[in-house]
Amino acid sequence: MPRTRDVTFLLLDDFSHIAFACAVEPLRIANLLQGEEIYRWRLASVDGERAVCSNKTVTLVDQGLKDLPPRSSLFLISGQNVGYKATSDVLAFLRRERARGTRIGAICSGAHVLASAGFLNNRRAAIHWSFHDSFQENFPEVELCRNVFVADETFVTASGGTAATDLMLHLIGETHGQDLAAAIADMMVYSGVRPADAAQQISLQARHGIRNPHIAEAIRLLNESAPYYLPTSEIARTIGISTRQLERLFQKHLKMSPKQFAINQKLTRARNLLLQTEQSISEIALACGYESPSHFIRTYQNRFGVTPHNQRVFAATPQTVYQLA
């Protein structure tokens with residue numbers, strides 16, 4: 001194997017800036033610490049000129065969708081509106097590079113594009129938690145992994161944000177040793193390096209400082225019964241306490257009732273589907289357990305202060321673009 005490894009980052013418009021930075025910086029620091037170029041990277045985009053990230057700054061790139069150097073690694077980085085990014089030219093490029101033996105990975109919402117190419121069928125894959133609902137709807141044949149990254153498959157995937165650093169440190173450690181990976185983490189002041197099986201989200205119990213086992217079990221039962229949530233009385237009976245006691249525990253620790261918690265869960269899933277799929281509002285209402293679209297719309301507006309239609313329109317409206325010098 002050559003001493004210097006070539007890595008290409010394919011940036012699709014609306015890509016996550018933090019995911020990109022967290023993926024490329026470990027490579028730069030690896031070179032710095034080794035005192036030689038052990039990684040060489042280039043940036044690619046669909047038009048071969050630039051890519052606009054989700055915070056609307058512009059990144060200039062080195063190439064378009066042309067052949068990569070032999071024995072390269074390719075990481076696809078996307079973000080918002082990923083459902084529109086799996087275009088025929090992008091999919092053709094990915095399939096061509098796969099046939100040429102390029103190692104392919106995806107970061108943030110990039111697994112959506114790899115799944116669209118058919119690469120992830122019957123494989124494990126990670127994607128940012130906010131895309132879990134839409135990913136399961138669109139790709140039931142893919143085994144969704146809810147952890148930070150998957151590196152033990154043909155196609156490596158990371159869930160985005162700082163998980164990109166976790167993945168890159170893992171890959172660098174495999175190739176150049178854990179001492180170098182640890183030194184890179186120190187240079188990044190990144191003391192919380194996570195293994196692949198770490199959870200993407202802070203648990204509700206940890207976030208609110210909850211240690212009550214009854215609430216933890218109630219939340220588990222609620223999540224497992226989505227989108228048609230179990231009645232509070234049935235949950236209380238299952239965990240062996242009274243309905244009134246369960247209501248008091250939720251009010252004390254979460255400042256809401258079990259019913260309101262379930263509604264919030266339903267509406268959060270609805271928002272994810274609204275922003276990440278092309279399903280109609282009626283289809284989303286049904287998928288989230290609402291028999292009446294009008295009831296869903298009223299409830300959604302009360303919760304988020306905007307109608308589902310206006311939320312979708314705003315997300316699809318181009319924002320101001322900034323170019324960094």
Cluster check V24, L32: I/L/V/M/F/W/Y, side chain < 4.5 angstrom: yes
Distance-only side-chain donor-acceptor flag, S292 / S294, under 3.5 Å: yes
Heavy-atom closest pair, residues C108 and S16: SG-CB, 4.0 Å
Test item: Q301 side-chain N/O and V306 main-chain N/O as donor-acceptor pair under 3.5 Å: no
Minimum heavy-atom distance A126-T157, with the two atoms named: N-OG1, 2.8 Å
From Q80 atom CD to S54 atom OG, the distance as rounded to the nearest 0.5 Å: 5.0 Å
R123 and E143: CA distance, side-chain angles, deciding distance, side-chain contact (heavy atoms from CB on, under 4.5 Å) verdict: CA-CA 6 Å; R123 300 182 190 273; E143 184 182 344; over 6 Å; no
Where E247 and P258 come nearest, the two heavy atoms and their spacing: OE1-CD, 3.3 Å
Exceeds 12 heavy-atom contacts within 6.0 angstrom, atom CD of E278: no
Within-4.5 Å side-chain heavy-atom neighbours: R71 and T102: no
Shared hydrophobic cluster for I297 and V313 (ILVMFWY, side-chain gaps under 4.5 Å): no
R42 and S72: side chain donor to acceptor below 3.5 Å: no
Pairwise distance CD(Q311) to CG(L274) - rounded to 0.5 angstrom: 6.0 Å
Minimum side-chain heavy-atom gap D67-E97 below 4.5 Å: yes
Hydrophobic cluster membership, F20 vs I18, 4.5 Å side-chain cutoff: no
E291 atom CD, over 12 foreign heavy atoms within 6.0 Å: no
side-chain contact (heavy atoms from CB on, under 4.5 Å) evaluation trace for I284 with R312: CA-CA 12 Å; I284 291 171; R312 178 171 270 174; 3.7 Å; yes
L27 vs I29, side-chain contact (heavy atoms from CB on, under 4.5 Å): CA-CA, chis, key distance, verdict: CA-CA 5 Å; L27 305 185; I29 296 171; over 6 Å; no
Side chains of E25 and R28 in contact at under 4.5 Å (non-hydrogen atoms): yes
Path from I107 to V193 over hydrophobic side-chain contacts below 4.5 Å: yes
Minimum heavy-atom distance between P26 and C22, given as atom pair plus value: CD-O, 3.1 Å
Within 45° cone and under 6.0 Å: K266 NZ/CZ vs Y229 ring: no
Backbone of F149 reached by a side-chain donor or acceptor of S159 within 3.5 Å: no
C53 backbone acceptor or donor facing T57 side chain under 3.5 Å: no
Parallel, tilted or perpendicular, as decided by the 30° and 60° cut-offs, for the rings of Y290 and F296: tilted
OG1 on T8 to CZ on R40, rounded to 0.5 Å: 10.0 Å
E217 CD to I241 CD1 distance, which is reported to the nearest 0.5 Å: 10.5 Å
Pairwise side-chain contact, I172 with Y39, heavy-atom cut-off 4.5 Å (strictly under): yes
N121 side-chain N/O to E141 backbone N/O, donor-acceptor pair under 3.5 Å: no
Co-membership, hydrophobic cluster, residues L167 and M188, 4.5 Å side-chain: yes
Check: R50/T59 side-chain N/O donor and acceptor closer than 3.5 Å: no
Close side-chain approach of H128 and S109, heavy atoms under 4.5 Å: no
Side chains of V150 and D152 in contact at under 4.5 Å (non-hydrogen atoms): yes
Pair Y190, D166: side-chain N/O donor-acceptor within cut-off below 3.5 Å: yes
Cluster companions of V46 among Ile, Leu, Val, Met, Phe, Trp, Tyr (side-chain spacing under 4.5 Å): L10, L12, L65, L68, L74, L76, V82, V90, L91, F93, L94, I104, V113, L114, F119, L120, I127, F131, F135, F139, V142, L144, F155
Pair K56-D13, salt bridge (Lys or Arg N to Asp or Glu O under 4.0 Å): steps then yes or no: CA-CA 9 Å; K56 304 309 173 186; D13 279 349; over 6 Å; no
T243 side chain reached by R237 side chain, heavy atoms, under 4.5 Å: no
Sub-6.0 Å ring centroid separation between Y300 and H295: no
Exercise: do Q265 and N223 side chains pair donor with acceptor under 3.5 Å: yes
Gap between atom OG of S73 and atom CH2 of W41 - 0.5 Å precision: 14.0 Å
Reported CG-to-CG distance for the pair N264 and L222, which is rounded to 0.5 angstrom: 11.5 Å
Within 6.0 angstrom of D179 CG, more than 12 heavy atoms from elsewhere: no
Heavy-atom pair of closest approach, residues A106 and A111: CB-N, 3.5 Å
V156 and F75: CA distance, side-chain angles, deciding distance, side-chain contact (heavy atoms from CB on, under 4.5 Å) verdict: CA-CA 9 Å; V156 298; F75 289 93; 3.8 Å; yes
N81 (side chain) donor-acceptor with Y84 (main chain) under 3.5 angstrom: no
Cationic N near anionic O, under 4.0 Å, R269 to E137: yes
Distance-minimising heavy-atom pair for A51 and S45: CB-CB, 4.2 Å
